[in-house]
Protein chains: 2
Amino acid sequence: MNTPLDTSRDRPFSQTLRRLKDAGLRPTRQRLALGKLLFDAGDRHVTAEQLHAEAGSKGIKVSLATIYNTLNQFTESGLMREVVVAPGRSYYDTNTEDHHHFFYEDDGSLKDIPHDAIALSAMPDAPEDAEVARVDVIVRLCRAVDNQSQ
Amino acid sequence: MNTPLDTSRDRPFSQTLRRLKDAGLRPTRQRLALGKLLFDAGDRHVTAEQLHAEAGSKGIKVSLATIYNTLNQFTESGLMREVVVAPGRSYYDTNTEDHHHFFYEDDGSLKDIPHDAIALSAMPDAPEDAEVARVDVIVRLCRAVDNQSQ
DNA sequence: GGGTTGTTTGGAACAGTTCCAAACTATTGA
DNA sequence: TCAATAGTTTGGAACTGTTCCAAACAACCC
Ligand SMILES: [Mn+2]
Ligand SMILES: [Mn+2]
Ligand SMILES: [Zn+2]
Ligand SMILES: [Zn+2]
């Protein structure tokens, strides 16, 4: 069933391995394990604590300091990016494309907004001697009042 | 020079006083002083530390705990609102209208984007059973490279 | 293998914010 | 006007998320 390109069964870390190599980061046991969690499952948005708990629950023993180191190194080398949605908690995003987010205030989860599903018209001019580094749109959601009964 | 409506000279706290009364907050010395700093100077975006320092530099003696209490109470009663732009630091905004922000990453300052200077077209549908509580647009700015010499 | 350099780690330190209980103050209504 | 009451302020302790540190460890390169 494996096509020649599907190396995930026999070489489960090859995806992450290449990413690390490209970023100039040594493929340590910890980085490989975390990279696998992060990159092998589509777009993910995690906090340090969440990733730490997830690793722990899968038997991967990594210190919280290493979680922070890794998320920051992945971010610095362009493998991930940071999303700011709540004070006092950093989210890290495996989707590095230009895109925006739904933020579920109830459970603190993030979801990508398909990049063609939102558009800014009439961007204001950036003030003199400043340039736009990035534009973030956060659509904050709360649980809807259930008024479809009846 | 004073019109009948300009009570700022002889009753410098009347603006804040009415706001506090409307919000059901007792007009204490601290709240009046902070309200004056916040509301008598157009739209402002402050962190707790900033407001504390500003008060201090004007001889207003208020504890940091009271700064936090006051900003939170003002926010809860709709006199201000919170803006999330950086992890680990809360900004409070005296402009409670629906609007967006420029964020100067260099010095951490915020500036309102005139509400007609930006528009979202093609808002994505909020997922089932969730509703949009608020939409925040943050335009992150950095100092422009000065390449107009020559 | 051995030397070197980069990485991981637990724990201490740090920053921003909230909590606490005691002192204080605005309000109320006799 | 003056308690009694309820709400507010305060310094310091506690708490949370994150970074820093120095020692142990692991990857890399000869
Ligand atoms: Mn960071
Ligand atoms: Mn708050
Ligand atoms: Zn995303
Ligand atoms: Zn604003």
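All chains are named by letter (A, B, ...) in the order of the sequence lines, taking the proteins before the strands, and each is independently numbered beginning at 1.
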The contact string for nucleotides 2-12 of chain C, one letter per nucleotide 5' to 3', using protein heavy atoms under 4.0 Å with B, S and - for base, sugar-phosphate only and none, comes out as ---BSSSBB--
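With hydrogens and angles left out, the side-chain atoms of H101(A) and D93(A) include a donor and acceptor closer than 3.5 Å. For the 3.5 Å distance criterion, the side chains of H45(A) and N95(A) fail to qualify, holding no donor opposite an acceptor. The closest side-chain donor-acceptor pair between S90(A) and E82(A) falls under 3.5 angstrom.
Connection of L38(A) to L64(A) is established within a shared hydrophobic cluster, with ILVMFWY side chains joined at heavy-atom distances below 4.5 Å, either directly or through further cluster members.
Summarising the geometry, the separation between CG on L51(B) and P on dT9(D) is reported as 13 Å, rounded to the nearest angstrom. Atom C1' of nucleotide dT19(D) and atom CD of E76(A) are separated by 12 Å, given to the nearest angstrom.
Applying the 4.0 Å criterion to OP1 and OP2 of dT17(C), one finds that Y68(B) has a side-chain N or O inside that range.
At least one donor-acceptor pair closer than 3.5 Å links the side chain of R140(B) to the backbone N or O of V85(B).
Residues forming a ring-ring contact (aromatic ring centres under 6.0 Å, His included) with Y91(A) (at least two apart in sequence, or on another chain): none.
The side chain of N72(B) lies closest to dT18(C), out of dT17(C), dT18(D), dT18(C).
As judged by a 4.0 angstrom heavy-atom cut-off over every strand, P87(A) is placed among residues making no nucleic acid contact.
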